[in-house]
Amino acid sequence: MADEERIEPTLDPNAAAPAAGASPPANGDNIQEAEKPKSKKMLFIIIGVVVLLVAAVGGYLYMQSSEEARKLKEAEAKRPENILKKQLMERKENAPPIYIPLEEMIVNLPGRGGEHYLQAKIVLRTNDSATEGKIKNFMPVIRDKIITVLSSRQMQELATVEGKVMMAREIALVINSIIAPQLTAIYILQQQPGTADMQNLERIGAVPKETSSGQKITGEAARAAAEFWNVTEMDLPVQAVLFSSFVMQ
């Protein structure tokens with residue numbers, strides 16, 4: 001017992017301080033480490049919200065600008081001069097011909113020696129595939145106009161080659177005036193120089209309106225008139241009317 005060491009209690013405060021003070025710093029470090037992920041998560045959330053807001057604002061501005069551009073484009077496309085330019089630019093001189101057959105038509109013909117009738121099968125020549133769709137859309141009106149033209153001729157008149165050619169050209173003109181009225185109006189005025197005054201050019205949108213108000217014609221108006229004025233039968237949707245059958249009795 002005498003050899004046993006005795007550990008005497010001490011009142012020295014420095015002796016227990018290291019052991020007692022070891023745990024508080026460890027708790028503080030854990031709190032700081034736990035706060036770091038939370039702060040990072042909050043930062044990511046804020047960045048995400050900002051990105052969404054920027055994207056929403058950018059999308060709205062883009063949609064607004066696209067809508068304004070679309071309206072402006074539509075307004076420009078509806079201007080008469082731009083419609084005519086588009087029609088003239090759609091020339092397909094090197095395109096192969098497309099033939100559109102119509103249903104057979106039978107009409108009464110005025111003439112000497114009693115009643116006569118004409119039985120005709122008509123084929124339209126074009127080089128634009130869109131023409132067929134336009135003709136189908138206006139078919140009731142087109143048939144009515146063709147019948148009017150056919151029945152207005154006398155039998156003696158249609159017995160000549162010149163008579164058939166003139167009637168075919170008139171039928172083509174009637175159809176073109178239905179499916180392409182502005183372009184056909186320019187063509188008609190071109191064929192009739194006596195009516196080709198500035199007021200008529202204005203009316204169909206070939207030149208600006210201010211040119212006939214007493215002012216001198218501008219260079220722009222002159223160029224526009226020259227461009228629109230050069231219209232031939234090959235520039236019209238229906239280039240020719242052909243007869244696959246032509247019987248008169």
Side-chain angles (χ1 to χ4, degrees), residues 80 83-84 87-88 90-92 97-206 228-249:
I83 293 175
L84 295 168
Q87 290 174 332
L88 291 175
E90 289 175 349
R91 296 177 181 174
K92 299 177 182 179
I98 301 172
Y99 297 99
I100 307 171
L102 303 183
E103 293 183 2
E104 185 179 62
M105 298 184 187
I106 301 176
V107 298
N108 292 324
L109 292 177
R112 298 187 298 270
E115 293 185 357
H116 305 277
Y117 72 88
L118 167 64
Q119 182 178 355
K121 291 183 179 180
I122 296 175
V123 178
L124 308 179
R125 188 187 72 192
T126 182
N127 62 2
D128 185 4
S129 58
T131 300
E132 186 172 6
K134 295 176 182 177
I135 289 174
K136 288 182 179 179
N137 293 336
F138 291 95
M139 183 56 72
V141 179
I142 289 174
R143 283 188 61 87
D144 177 71
K145 297 298 183 182
I146 292 176
I147 290 174
T148 300
V149 174
L150 293 176
S151 59
S152 67
R153 295 300 197 277
Q154 293 191 0
M155 186 174 181
Q156 294 78 7
E157 183 180 359
L158 295 180
T160 64
V161 175
E162 294 80 4
K164 290 186 180 70
V165 171
M166 291 299 295
M167 186 177 68
R169 294 187 65 183
E170 185 175 347
I171 292 174
L173 201 58
V174 165
I175 298 174
N176 286 321
S177 67
I178 295 172
I179 63 177
Q182 288 182 316
L183 192 61
T184 307
I186 293 177
Y187 175 77
I188 293 173
L189 292 179
Q190 177 180 315
Q191 304 304 311
Q192 302 173 6
T195 63
D197 54 20
M198 201 56 62
Q199 284 81 4
N200 281 325
L201 288 176
E202 281 183 5
R203 179 172 52 80
I204 59 178
F228 297 147
W229 208 238
N230 187 23
V231 179
T232 67
E233 290 180 345
M234 298 301 293
D235 299 319
L236 298 174
V238 176
Q239 299 172 335
V241 170
L242 310 174
F243 295 103
S244 60
S245 176
F246 196 90
V247 178
M248 293 188 299
Q249 290 186 1

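The basis for the numbers below is simple: all heavy atoms, side chains too, and nothing from hydrogens, waters or symmetry mates.
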What distance do Leu102 atom CG and Met139 atom CE have between them, rounded to the nearest 0.5 Å?
5.0 Å

Non-hydrogen side-chain atoms of Ile100 and Val123 separated by less than 4.5 Å:
no

Going from CD on Gln156 to CE on Met248, what distance comes out if it is rounded to the nearest 0.5 angstrom?
8.5 Å

Under the side chain to side chain contact (heavy atoms under 4.5 Å, CB included) rule, collect the residues that match up with Phe138, sequence neighbours excluded.
Ile142, Ile178, Ile179

The single option from Asn127, Thr232, Asp128, Asn176 that satisfies side-chain contact (heavy atoms from CB on, under 4.5 Å) with Gln239 is Asn127

Any non-hydrogen side-chain atom of Leu236 less than 4.5 Å from a side-chain atom of Thr184?
yes

Residue pair Glu233 / Arg169, side-chain heavy-atom distance below 4.5 Å:
yes

What pairs with Thr126 under side-chain hydrogen bond (donor to acceptor under 3.5 Å, both in side chains), at least two apart in sequence or on another chain?
Thr131

Quick one: CG on Leu109 to CZ on Arg153, what's the gap to the nearest 0.5 Å?
10.5 Å

Which pair of heavy atoms, one from Arg143 and one from Glu104, lies closest together, and at what distance?
NH2-O, 3.9 Å

Value for CD (Glu132) from CG (Asn137), rounded to nearest 0.5 Å, stands at 11.0 Å

Euclidean distance, Met167 CE relative to Glu162 CD, rounded to 0.5 Å
13.5 Å

Heavy-atom count around Lys121 NZ within 6.0 Å, excluding the residue itself: above 12?
no

Looking at NZ of Lys164 and CZ of Phe246, how far apart are the two atoms once the value is rounded to the nearest 0.5 Å?
5.0 Å

For Ile171, the option from Ile122, Thr148, Val238 that meets side-chain contact (heavy atoms from CB on, under 4.5 Å)
Ile122

